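Here the structure is laid out as structure tokens; the discussion comes afterwards.
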2 protein chains.
Amino acid sequence: MNESTVTEEKILQAARLEFEKKGYNGTRMQVIADVAGISKASLHYHFRSKDNLFQRIFNDALNDYIPLVNTWKDDSLSWEEKVNRFTADLLEFVQKGTMLFIIREINRNPDLLSERIKKAKSNNSLVTYFEELNNTGQIRQTDPRLLYIFLQSICCFPAINNQMFRKVLRLTDRQYNELMEGYARAAASFIIHAIKK
Amino acid sequence: MNESTVTEEKILQAARLEFEKKGYNGTRMQVIADVAGISKASLHYHFRSKDNLFQRIFNDALNDYIPLVNTWKDDSLSWEEKVNRFTADLLEFVQKGTMLFIIREINRNPDLLSERIKKAKSNNSLVTYFEELNNTGQIRQTDPRLLYIFLQSICCFPAINNQMFRKVLRLTDRQYNELMEGYARAAASFIIHAIKK
DNA sequence: AATTGGTTTGACCAAATGGTCAAATGCAAA
DNA sequence: TTTGCATTTGACCATTTGGTCAAACCAATT
């Protein structure tokens, strides 16, 4: 890893931190430079502009997220086990705090998604999978698209809304962490009960 | 309604629009003034500062949201009917787009919630209600706090993440609206199946 | 008509902010 | 040692932005 790559790595790390915490509009190039331990001029040398740097960070985030939704085929697990694995995987990702970042920025500028989705695989594999379960009568008849939304909602929302949940439920950080400890399992169980015959 | 109140109403409406769409950091006082059809100086005459105006808008939003969670006692509906009403009420609110605003700003500055929650009623009425259902064995044993999170997630997340859902599910605006038409009922049904014995 | 008091505004200000540039620095090859 | 090239940086710039202020405006009262 040459010297330039090291600097750029430091920049990307700092930028990820700042953009995810403060959002595009709340982020200052000077702060990114400070956190990375370099000058603002150097920052602009490596990444031409704020938009440029942001694009990079945002795409990296999407790249971490999008593949998560495609873990439904290519193995012999039962659908219950697949739900278990999906909630576990998604919750682990979502806990990093990247989800609110993605949603916030997509909402600021919907075009951020448009290009990306166009070149994605043909169809949502979760939807296809549950359509099949529906057709073969293995689950209670449910619109697979709604199922997709329910799963995503239950997994993603707690991480996005944790400040509110913490306070409304009057939990200390410790108590909240304890509660979320078993969240993936509880969520999977909730979902499975909701759709099994 | 005197002349001054009219102006302030115009300002509040414009400010709500801007703050909800762009967030605190993305909002410009000049734009609020333009949308309200007055000068920036006049805007500052009525609301001392950006923070001041924002506080007002944010508190109004919270005031619309918080009471929604307390519709669980004081009537003779069955718990299934209460779930139905809750999802319907919450979804109606959430459709207005205020939810992402609230979450985004709380995340920017967690203190926005702290003061408010302290002077709220003693305990979350949904949690109390489902605790009772648990104790009297009317539903499948489930941590009522998790239940609270599940309900909120299923109702709130679609409105927050609609850009993503729309595109990932490859739906036109028309198709998406059709899908969301029956969302409240489908969500309630999903939840009821998940916890009934 | 003159006075008064609330309201509105154009002009202006200071600070913040993304971005540029020429000069300096360091380092490897010749 | 010198040359050449990538990297770094302090100084600087133009624009944006929240906020101020004195002067103008206007409706009601005297």
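Keep in mind that the numbers below use all heavy atoms, side chains included, and drop hydrogens, waters and symmetry copies. Since this is a predicted model, take the numbers as computed values, not measurements. Order of the sequence lines fixes the chain letters, A, B, ..., with proteins taken first and strands second; residue numbering starts at 1 for each chain.
- Rounded to a whole Å, the CD atom of Gln30(A) is 13 Å from the P atom of dA11(D).
- The aromatic ring centres of Tyr148(A) and Phe165(B) sit less than 6.0 Å apart.
- Residue Leu43(B) contributes atom CG, which lies 15 Å from atom P of dT7(C) at whole-angstrom precision.
- For Lys40(A) against dG19(C), a side-chain-to-base donor-acceptor contact under 3.5 Å is present.
- Comparing dT7(D), dG10(C), dT9(D) against the side chain of His46(A) picks out dT7(D) as the nearest.
- Within the structure, a side-chain polar atom (N or O) of Thr7(A) is placed less than 4.0 Å from OP1 or OP2 of dT8(D).
- Residues Arg85(B) and Glu81(B) are not paired through a salt bridge, judged by the lack of any N-O separation under 4.0 Å between the basic side chain and the carboxylate.
- Note: NZ (Lys50(B)) to C1' (dA15(C)) measures 14 Å, nearest angstrom.
- One interatomic measurement links the two molecules: CD of Gln55(B) to C1' of dG18(D), which rounds to 17 Å at whole-angstrom precision.
- Ring pair Tyr24(B)/Phe54(B) is perpendicular by interplanar angle, where above 60° counts as perpendicular and below 30° as parallel.
- Checking the phosphate oxygens (OP1, OP2) of dG19(D), no side-chain nitrogen or oxygen of Arg48(B) falls inside 4.0 Å.
- Separation of the Tyr183(B) and Phe150(A) ring centroids falls under the 6.0 Å cut-off.
- Minimum atom distance to the side chain of Ala41(A) is reached by dT20(C), of the listed dG18(D), dT17(C), dT20(C).
- Atom P of nucleotide dT7(D) and atom NE2 of His44(A) are separated by 17 Å, given to the nearest angstrom.
- Of the side-chain N and O atoms in Tyr45(B), one or more sit less than 4.0 angstrom from OP1 or OP2 of dT7(C).
- If you take CD of Glu9(A) and P of dT7(D), they are 15 Å apart, rounded to a whole angstrom.
- Across the protein-nucleic acid pair, Asp34(B) atom CG and dT17(D) atom P stand 12 Å apart, rounded to whole Å.
- For the pair Glu18(B) CD and dG18(D) C1', the computed distance is 16 Å after rounding to whole Å.
- In summary, the side chains of Gln30(A) and Asp34(A) do present a donor paired with an acceptor at a separation below 3.5 Å, with no hydrogens or angles considered.
- A sub-4.0 Å separation between OP1 or OP2 of dT16(D) and a side-chain N or O of Arg28(B) is absent.
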